[in-house]
Amino acid sequence: MTRPVRVRIAPSPTGDPHVGTAYIALFNLAFARQHRGKFVLRIEDTDQARSNRDSEEMIFASLRWLGLSWDEGPDVGGPFGPYRQSERTAIYQQHAKTLIESGAAYRCFCTKERLEEMRLDQQRFKRSPGYDGRCRDLPPGEVEALVAERAPFTVRLRAPKEEEVVCQDRLRGAIAFQGREIDDQILLKADGYPTYHLANVVDDHLMEITHVIRAEEWISSTPKHVLLYRAFDWPPPEFIHMPLLRNQDKSKISKRRNPCSLNYYRDAGYLPAALLNFLALQGWSMPPKEDGTEVDRFTLEEFFAHFNIDRVKTGGPVFDLKKLEAINGDHIRRKSVDEIAALLKEHAGRWFEKTAHFLHDRLDKLSDFARYTDFLFRDDLGRDPALLRPYAGDRQETAKRLKTLTEEFEQVVPWKPATITDLLARFVARHGLDRKEFFMLLRVAVTGSTVSPPLDESIAALDRFVVLERLRAAAKTIREMKPAP
RNA sequence: GACCCCAUCGUCUAGUCAGGACCAGGACAUCGGGUUUUCAUCCCGGUAACAGGGGUUCAAAUCCCCUUGGGGUCACCA
């Protein structure tokens, strides 16, 4: 008897809800539907420093917005809970202990500092990185003594160095790794929280996950997972690694080169059906009909009806916003006028709520909102180049400053007015810039006008990627300006 | 750098597993034309790809090998 199909997504609640999460969720859900199985949402919040509840809420909200609903999860419960890893630490600790007892794992007393030093050495001598095994074979007596004196420790996987570990991937077949290349990964951190590797394997087993459909970036850690299943004597799930969504230059999709936040797509007015349709086309296509015609515009239900995981292509698809936009347009045109009116109302309403606090003082009549917010909706700013004045008249220097600032904007977390204000203040202070002049330059670069809501609010209201693009465009314009006569 | 994954138009892809009717089909983008008072929609048409080299075979986009190219991973992050 085969076990009922159970799949899961395991997003980490850090930052904005990611388009890649929706992509993987979509394929997991489709697979579950096809097999009349269950789709589980598990929150992987074992990184104390980075995880936060806001982010978790946004994951729920955006997946709901898309209509990708889960059968079990932290919010809806289920028979395999809790579904938040931070609430399962005792389970992981217990399993880590089992591994230590069986010898599949060991306690490591190395400090972060020593590990850092080791890494530097490895770099210096061009040795391949990885734990050097100092604590791997500590005499039992020494370990006991260290434990007795409460020395902090981590738990590491004891990877067999001679063996070959073969992972089976549904789409790629067997993938072999030499034991020598598998690092003695940390399984349990010094703070008592598990790393992804342990938590993921323990939970997938306990939650009876049958198929692990996740992104390709996980392939190289799969042997560690396989080793863990082996150590616990558990049957591994079937692994299905989806291709990675790509930037235009084929690198893994990133918020610097693409809008990645699902909030962006919602706020920009993409329809869930269209986003999903587009995502479904990344690496997958509907089987051609009998007469050979191909259908590439379809609803979620149609996708589910024709879904087959084995049609997934392994090549990495470049995320093409233009195509998404075209598909979105098609989905909009399929709606009735009344439906569009309702959608428009909802969409505009969201923006009004988002911007009312800074519109409040600026409006003499409600329709004035348009002149203060048009920069939020235009793809092309139609900026009057004459408005863009190089700082202190120095074109090259200004372009360079804008570039530096752009790089700093890439790092801002969270993307909020307060953090942006903070960055801006430090930036002008550090470079000794005139606030008035520099901020006006930025205002024009980002909003296309010398009149706009407060800079930090304006910037925060836009998606990070859009701001970066506008800044890059402004720098380019300035760099290429004719020198003043 | 080491290991692993991948490879059809600029982009998403069909075709590849079961080699032949494929001088490679569709979509997006782009170019040209038509409908339309504008714009958009809609319609018609064009440009555009099997990475390279070796094999196997009567026959290769399809099977095998090598090369090249691209990507991912190498954290007390996931």
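If you're wondering where the values come from, they're calculated on a predicted model, not measured in any experiment. Convention: sequence-line order gives letters A, B, ...; per-chain numbering from 1.
- With hydrogens and angles ignored, no donor-acceptor pair closer than 3.5 Å exists between the side chain of A:Lys323 and the base of B:rA29.
- Considering only side-chain N and O atoms, A:Lys189 lies under 4.0 angstrom from the phosphate OP1 or OP2 of B:rA78.
- In terms of modelled atom types and a separation under 3.5 Å, the side chain of A:Asp169 and the main chain of A:Ala174 share no donor-acceptor contact.
- Note on A:Lys322: only backbone sugar-phosphate atoms sit closer than 4.0 angstrom, heavy atoms only; bases stay farther off.
- Of the listed residues (A:Ile327, A:Leu262, A:Leu321), just one forms a side chain to side chain contact (heavy atoms under 4.5 Å, CB included) with A:Tyr270, and that residue is A:Leu321.
- To the nearest whole angstrom, the two C1' atoms, one in B:rG45 and one in B:rG55, are 42 Å apart.
- In this entry B:rA7 has B:rU68 as its Watson-Crick or G-U wobble partner, both defining distances falling under 3.5 Å.
- When each of A:Gly130 and A:Pro194 is assigned the nucleotide of RNA chain B bearing its nearest heavy atom, the one mapping closer to the 5' terminus is A:Gly130.
- Taking atom OH of A:Tyr196 as the reference point, atom P of B:rC77 lies 15 Å away to the nearest angstrom.
- Within the structure, a side-chain polar atom (N or O) of A:Lys252 is placed less than 4.0 Å from OP1 or OP2 of B:rU73.
- Distance A:Leu324 CG to B:rA27 P: 18 Å, rounded to the nearest Å.
- A gap of 28 Å separates the C1' atoms of B:rA18 and B:rA27, to the nearest Å.
- Pairing for B:rU30 goes to B:rG46, judged as Watson-Crick or G-U wobble with the two contacts each under 3.5 Å.
- Between the C1' atom of B:rA78 and the CD1 atom of A:Ile219 lies a distance of 16 Å, rounded to the nearest Å.
- Counting non-hydrogen atoms under 4.0 angstrom, A:Arg311 reaches the backbone sugars and phosphates but no base.
- For A:Glu294, whose side chain is taken as the heavy atoms from C-beta onward, the closest listed nucleotide among B:rG26, B:rG72, B:rC77 is B:rG26.
- Taking atom C1' on both B:rA49 and B:rU62, the two are 15 Å apart, rounded to the nearest angstrom.
- Out of B:rU41, B:rG72, B:rU11, the shortest distance to the side chain of A:Leu244 is found at B:rG72.
- Comparing the P positions of B:rA78 and B:rG70 gives a spacing of 31 Å, expressed to the nearest Å.
- Side-chain N/O atoms of A:Lys250 include none lying less than 4.0 angstrom from OP1 or OP2 on B:rA7.
- The partner of B:rG1, taking Watson-Crick or G-U wobble pairs whose two distances both stay under 3.5 Å, is B:rC74.
- Distances from the side chain of A:Asp296 to the nucleotides B:rC76, B:rA27, B:rC12 place B:rA27 closest.
- Rounded to whole Å, the C1' atom of B:rC6 lies 16 Å from the corresponding atom of B:rU67.
- Comparing B:rC76, B:rU13, B:rA27 by their nearest atom to the side chain of A:Lys313 picks out B:rU13.
- Residues from residues 163-186 of chain A with heavy atoms under 4.0 angstrom of RNA chain B, sorted by number: A:Arg172, A:Ile175, A:Ala176, A:Phe177, A:Glu181, A:Ile186.
- Of the possible polar contacts, one joining the A:Thr195 side chain to the A:Ile186 backbone as a donor-acceptor pair under 3.5 Å is found.
- For A:Arg180 (side chain) and A:Pro160 (main-chain N/O), no donor-acceptor pair under 3.5 Å exists by modelled atom type.
- Using a cut-off of 4.0 Å between Lys/Arg side-chain N and Asp/Glu carboxylate O, A:Glu57 and A:Arg53 are scored as not salt-bridged.
- Looking at heavy-atom distances under 4.0 Å, A:Pro129 makes contact with a base.
- Listed for the A:Asn28 side chain is a donor-acceptor partner under 3.5 Å among the backbone atoms of A:Ile24.
- As judged by a 4.0 angstrom heavy-atom cut-off over every strand, A:Cys108 is placed among residues making no nucleic acid contact.
- At a non-hydrogen distance threshold of 4.0 Å, A:Leu281, A:Gln282, A:Gly283 from residues 253-284 of chain A come into contact with RNA chain B.
- B:rG19 and B:rU57: their C1' atoms are spaced 9 Å apart (whole Å).
- Closest to the A:Glu216 side chain, of the nucleotides B:rA14, B:rC77, B:rC5, is B:rC5.
- The side chain of A:Arg246 approaches B:rG71 more closely than any other nucleotide in the set B:rC76, B:rC28, B:rG71.
- An OP1 or OP2 oxygen of B:rA14 is reached within less than 4.0 angstrom by a side-chain nitrogen or oxygen of A:Ser285.
- A straight line from CG of A:Asp249 to P of B:rU11 spans 12 Å, rounded to a whole angstrom.
- Between the P atom of B:rU13 and the CD1 atom of A:Ile327 lies a distance of 11 Å, rounded to the nearest Å.
- Here B:rA78 presents its C1' atom at 10 Å from NE2 of A:His225, a figure rounded to the nearest Å.
- As judged by a 4.0 angstrom heavy-atom cut-off over every strand, A:Ala190 is placed among the base-contacting residues.
- Remark: the separation of the P atoms in B:rA75 and B:rC66 is 29 Å, to the nearest Å.
- Distance check, rounded to the nearest 0.5 Å: CD of A:Gln185 to OG of A:Ser221 gives 7.5 Å.
- In this structure, CD1 of A:Ile9 is placed 17 Å from P of B:rA78, rounded to the nearest angstrom.
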- [ ] Could you give me the CA-CA distance, side-chain angles and deciding distance for A:Phe303 and A:Trp284, then say whether ring pair (Phe, Tyr, Trp, His ring centres under 6.0 Å) is met?
- [x] CA-CA 10 Å; A:Phe303 174 57; A:Trp284 188 85; 4.9 Å; yes

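- Nearest nucleotide to the A:Leu115 side chain, out of B:rA78, B:rC76, B:rG10: B:rC76.
- Judged by distance alone, the side chain of A:Asn247 and the main-chain N or O of A:Asp249 form no donor-acceptor pair under 3.5 Å.
- A cation-pi arrangement, defined by a distance under 6.0 Å to the six-membered ring centre and an angle within 45 degrees of its axis, is present between A:Arg107 and A:Phe153.
- Between the side chains of A:Arg8 and A:Asn200, at least one donor N or O sits under 3.5 Å from an acceptor N or O.
- Here the side chain of A:Ser62 pairs a donor or acceptor atom with the backbone of A:Met58 at under 3.5 angstrom.
- Side chains of A:Arg172 and A:Ile219 form a contact here, defined as non-hydrogen atoms less than 4.5 Å apart.
- To the nearest angstrom, C1' of B:rC77 lies 14 Å from NE2 of A:His18.
- Distances shown here put a side-chain N or O of A:Thr46 below 4.0 Å from the OP1 or OP2 atom of B:rA78.
- The side chain of A:Thr195 lies closest to B:rC77 when the candidates are B:rC77, B:rU13, B:rC6.
- As rounded to the nearest Å, B:rA61 and B:rG53 have P atoms that lie 12 Å from one another.
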